[in-house]
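Residue indices begin at 1 and follow the sequence shown.
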Amino acid sequence: MTHCEPVPMARPVFEVDQEVLRELGAVLESGMVTNGRLVRAFEQEVAEHLGVACVVAVSSCTTGLMLVLRCLGLRGDVVIPSFTFMATGHAVIWNGLTPRFADVDPATCTLDPASVDAVVDGASAVLAVHTFGAPCDTVALQEVADRRGVPLVVDAAHGFGSRYPDGTAVGTKGVAEVFSLSPTKPLSTGEGGLIATTDEDFASELRVAREYGNPGDYDSRMPGLSGRMTELAAVLGRANLRTFPRWAQRRRALVDRYRRGLAEVVGVEPQRVPAGALSSYKDFVVRVDAEAFGGDRDDLADRLRRQGISTRSYFDPPLHRQSAYRHLTPGTPLPHTEALCAEMLTLPLYPKMEDPVVDRICRAIGEGGASA
């Protein structure tokens, strides 16, 4: 690779061999292209992979979140982080609910249970997020939710392949955890989502909800959605699930290389993953301390861009400062959210990334900062 070759932020991995092509062709020839036998097989295989009772495949993570909140029959406010992707808030709004913002832990970037505890009174649910793939503290969050008698739902869009400190897979906590299968995610079907739940009755309700609320007799039981997964997506999902452990291990190896390469750069701190937990590393993010580093996050992003290295500044602006949400007043100050959105930078990461590319990026960062 030459020094000037552009480095993308992400690149999906699809290992399409002759067997996968045959299965795709068979789907097209069958005329059964949505929510059929292969979707059911994919759901079962993911459930076994996660160690969870039920998985419901849907058209996207956003759709899955919308359906979960609808089937819970919520009213009023839902506590969410402001430091998250807009879909977390949109799922709340589309259900006629109101986001109530809480702050995040500055090291893990995930929802802070203490901040939730300060604002949860009168809310109808807590919706947490596994930010960038780092598992949020579902133990503490569940305790807060239980004390208030409200459900805990988890936006696990980034979290497929992550594990909690107790060794269980992300997907096994709360009322439900909802994964994204879009192109930038560790497991992808092109587009799609998965709802994981331990409640079989709730899973049955979700399966009706994804069919417009129609259980099969065309007498809709609820105002559901067209939220079905295609059989074509299921073929890709099943194939990618088979190779997922290998590519997940590769992502973590690349992150380890990043961490070693940046260890001596003062003012650049990677996101902290909770002790004993595993992150999917949907993204590898660093926090840039402008004073210690000698330049702020935007300075670093601009310098990397000039060297052909792509970056992203997630989530800036945070939800409470986005146009669609400015009418909402946060119930508590959000100092960590405000700081993180100005200081976090996402660096390139994808499974087929070569080691020298990581080294190049680390050198480019180190050349502009101080050394320990």
Ring pair (Phe, Tyr, Trp, His ring centres under 6.0 Å) pairs, two or more places apart, involving residues 250-279: Tyr258-Phe284
- request: Please identify each residue that fulfils side chain to side chain contact (heavy atoms under 4.5 Å, CB included) with Ala114, with sequence neighbours left out.
  value: Asp112
- prompt: Quick one: do the Asp105 and Thr110 side chains pair a donor with an acceptor below 3.5 Å?
  reply: no
message: Holding to side chain to side chain donor-acceptor pair (under 3.5 Å), I want the full list of residues that pass it with Glu19, two or more places apart in sequence or in another chain.
response: Arg22
- prompt: Would Glu211 and Asn35 count as having a side-chain donor-acceptor pair, cut-off 3.5 Å?
  reply: yes
query: Tell me the ring pair (Phe, Tyr, Trp, His ring centres under 6.0 Å) pairs involving residues 78-115, sequence neighbours left out?
result: Phe83-Phe315, His90-Tyr325
- prompt: Hey, mind stepping through Glu5 and Arg360 against salt bridge (Lys or Arg N to Asp or Glu O under 4.0 Å) and telling me if it holds?
  reply: CA-CA 11 Å; Glu5 186 173 339; Arg360 169 188 162 191; over 6 Å; no
message: Checking one residue: Val33. Which other hydrophobic residues are in its cluster under the side-chain 4.5 Å linking rule?
response: Phe14, Val16, Val20, Leu21, Leu24, Val27, Leu28, Leu38, Leu232, Val235, Leu236
- prompt: For Met344 and Arg287, which heavy atoms make the closest approach, and how far apart are they?
  reply: SD-CB, 3.5 Å
message: Tell me which pairs pass salt bridge (charged side-chain N to carboxylate O under 4.0 Å, His left out) where either residue lies in residues 70-79, with sequence neighbours left out.
response: Asp77-Arg100
- request: Can you tell me which residue pairs pass the ring pair (Phe, Tyr, Trp, His ring centres under 6.0 Å) test with a partner in residues 135-160, sequence neighbours excluded?
  value: His49-Phe160, Phe160-Phe179, Phe160-Phe244
message: Taking the side chain as everything from C-beta on, heavy atoms only, tell me whether Leu241 gets closer than 4.5 Å to Val46.
response: yes
message: Can you confirm whether Thr108 sits close enough to Cys136 that some side-chain heavy atom of one is under 4.5 Å from a side-chain heavy atom of the other?
response: no
Co-members of Trp247 in a cluster of I, L, V, M, F, W and Y side chains, linked at under 4.5 Å: Val13
message: Applying side chain to side chain donor-acceptor pair (under 3.5 Å), can you list everything that pairs with Lys173, at least two apart in sequence or on another chain?
response: Asp166, Thr168
With Glu43 via side chain to side chain donor-acceptor pair (under 3.5 Å) - residues at least two apart: Arg210
query: If you draw the axis of the six-membered ring of Tyr281, does the NZ or CZ of Arg251 fall within 45° of it and under 6.0 Å from the ring centre?
result: no
- request: Could you tell me which residues satisfy side chain to side chain contact (heavy atoms under 4.5 Å, CB included) with Cys54, sequence neighbours excluded, listed by chain and number?
  value: Thr197, Glu200, Ala203
message: Tell me whether Glu48 at atom CD has more than 12 heavy atoms from other residues, nucleotides or ligands lying less than 6.0 Å away.
response: yes
- request: Please examine the side chains of Leu111 and Leu141, heavy atoms only from C-beta on, and report whether any two atoms are closer than 4.5 Å.
  value: yes
message: Under a 3.5 Å threshold, yes or no: a donor from one side chain and an acceptor from the other, between Ser220 and Asn214?
response: no
- prompt: Any side-chain donor-acceptor pair under 3.5 Å between Lys185 and Ser182?
  reply: yes
task: Go through the structure and list residues passing side chain to side chain donor-acceptor pair (under 3.5 Å) with Asp359, not counting sequence neighbours.
output: Arg257
